[in-house]
Amino acid sequence: LALPLLLLGLLISVVSGIGAETLVPKANRARLDIYRYEIRNQPRQPLGTQRQISVQDRGNRQMSIEFYNGRKKRANKVNLVWRKGNDITARWDIRYMVWNPDSSGWLMRDIIQRTFDGGEEHIRRVDSLWYTDTQVFPEDLLDLEVKPEEMTYLELKRFVEKMDALGAEARKWKVDLNMKISYPFANFIIVLFGIPLASRKRRSGPALGFALALLISFIYFVFVRTGQVLGHGGTLDPWLSAWIGNLIFGAGGILLMWRVRK
């Protein structure tokens with residue numbers, strides 16, 4: 001009796017997963033476009049531009065960019081920071097830098113170099129300087145602010161790999177990447193958990209059963225979202241944070257199915 005319902009729940013999960021890879025990203029792009037530019041009246045950025053970028057460069061260097069123009073491959077108001085543990089050992093403030101493909105590096109202009117040694121600060125001004133010892137390239141600076149819900153699984157996977165290559169913190173996106181697989185299974189998990197509860201006879205009638213189903217669904221989604229938040233914060237491993245709700249309620253559903261009276 002339960003098998004057709006379980007197969008239906010699994011089918012709905014599969015269809016939900018396919019929809020999440022095809023229709024949902026496009027719908028989310030349209031939704032966010034309306035929210036950003038029609039409701040909040042945010043100015044539309046020119047194609048190929050980005051603001052407020054922060055990435056990890058080689059070793060202990062961190063790069064922050066106020067504004068990046070992808071068409072001109074030019075970054076304005078750039079800060080380079082060298083760290084040793086929790087201490088900042090050097091900082092460069094660059095007015096702008098432009099990518100040169102022939103030299104495979106950035107040509108920096110109007111640089112203020114600050115070094116910190118024993119509580120003393122040393123300042124030096126440089127008109128121009130080549131910056132070639134870097135793993136930050138122009139194509140890496142345009143997609144850093146894309147929201148996960150606007151990308152498919154493969155797009156988000158490539159984005160996470162790019163963030164890892166840059167040395168940037170990608171924990172949040174790794175959690176959301178795993179969520180793209182785990183979340184569609186919510187349909188199957190709720191059916192698995194609900195069948196043994198629905199099979200029990202109650203004198204109170206179907207109203208209580210319906211209310212109980214709603215309560216279980218609510219608790220389940222609280223588990224899912226709590227795991228996601230804990231993953232974003234680094235408390236749980238990205239894989240575990242995305243699957244913890246499914247694992248707990250899946251195990252509970254199997255246990256109830258095993259104990260239910262035939």
Side-chain angles (χ1 to χ4, degrees), residues 7-40 42 44-56 65 68 70-71 73 135-191 217 220-234 236-247 249-250:
L7 292 176
L8 179 61
L10 183 60
L11 177 62
I12 294 174
S13 292
V14 172
V15 172
S16 176
I18 294 173
E21 286 297 291
T22 54
L23 300 177
V24 174
K26 295 179 181 178
N28 278 327
R29 291 189 189 107
R31 173 181 63 84
L32 291 171
D33 189 77
I34 294 172
Y35 175 72
R36 290 164 180 159
Y37 309 123
E38 302 298 332
I39 298 177
R40 298 190 62 184
Q42 293 180 352
R44 291 180 181 270
Q45 292 187 160
L47 183 64
T49 64
Q50 196 61 266
R51 295 180 182 273
Q52 303 293 336
I53 302 173
S54 181
V55 295
Q56 189 73 27
I65 299 172
Y68 177 70
R71 184 172 60 85
K73 297 182 180 180
Q135 63 180 8
V136 179
F137 303 100
E139 60 270 16
D140 299 323
L141 298 176
L142 287 177
D143 300 324
L144 296 178
E145 299 299 325
V146 178
K147 292 183 177 297
E149 58 264 34
E150 297 180 72
M151 293 184 278
T152 65
Y153 177 84
L154 292 178
E155 289 172 341
L156 185 56
K157 186 174 183 294
R158 286 193 294 268
F159 177 76
V160 169
E161 292 172 349
K162 182 188 296 183
M163 293 289 285
D164 284 336
L166 289 172
E169 178 56 65
R171 181 191 305 115
K172 177 181 182 298
W173 291 285
K174 289 180 180 177
V175 174
D176 294 333
L177 180 65
N178 284 280
M179 286 287 294
K180 283 186 175 291
I181 298 178
S182 67
Y183 196 71
F185 282 95
N187 305 282
F188 178 76
I189 296 297
I190 292 299
V191 171
S217 299
Y220 168 74
F221 284 107
V222 168
F223 264 84
V224 171
R225 292 304 180 189
T226 301
Q228 186 179 21
V229 171
L230 292 176
H232 288 172
L236 294 178
D237 181 85
W239 183 90
L240 180 60
S241 66
W243 286 90
I244 187 170
N246 289 356
L247 292 174
F249 274 78

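All residue numbers in this chain count up from 1 along the given sequence. FYI, side chains are in, hydrogens and waters are out, and symmetry mates aren't considered; it's all heavy atoms of this structure.
Across Asp237 and Trp239, no two heavy atoms sit closer than the pair OD2-N, 3.0 Å. Between Ala20 and Pro25, the shortest heavy-atom contact is O-CD, 3.1 Å. The minimum heavy-atom distance linking Gly245 with Phe223 is given by the pair CA-CB, 4.2 Å. Shortest non-hydrogen contact noted between Phe188 and Leu10 is CD1-N, 3.7 Å.
Remark: Leu8 engages Ile12 in a side chain to side chain contact (heavy atoms under 4.5 Å, CB included) (not counting sequence neighbours). Residues passing the side chain to side chain contact (heavy atoms under 4.5 Å, CB included) test with Ser16 are Pro184, Asn187, sequence neighbours excluded. Under the salt bridge (charged side-chain N to carboxylate O under 4.0 Å, His left out) criterion, Glu21 pairs with no residue, sequence neighbours left out.
By the 4.5 Å heavy-atom criterion applied to side chains, Leu240 and Leu247 are counted as neighbours. The shortest distance between side-chain heavy atoms of Tyr68 and Lys73 falls below 4.5 Å.
Side chain of Lys180 to main chain of Met151: a donor-acceptor pair is present (N/O by atom type, distance under 3.5 Å, no hydrogens or angles). No side-chain donor-acceptor contact under 3.5 Å links Asn178 to the backbone of Ala242. Side chain of Ser241 to backbone of Leu236: no donor-acceptor contact under 3.5 angstrom is found.
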Side chain to side chain contact (heavy atoms under 4.5 Å, CB included) between Ile190 and Phe249, intermediate numbers included
CA-CA 8 Å; Ile190 292 299; Phe249 274 78; 5.7 Å; no
Test log, rule side chain to side chain contact (heavy atoms under 4.5 Å, CB included), inputs Lys157 and Thr152:
CA-CA 8 Å; Lys157 186 174 183 294; Thr152 65; over 6 Å; no
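Note that the CH2 atom of Trp173 and the CZ atom of Arg171 stand 11.0 Å from one another [nearest 0.5 Å]. To the nearest 0.5 Å, atoms CE (Met179) and CG (Asp176) are separated by 7.0 Å.
Between Asn246 and Tyr220, the side chains place a donor N or O and an acceptor N or O closer than 3.5 Å (distance only, hydrogens not considered).
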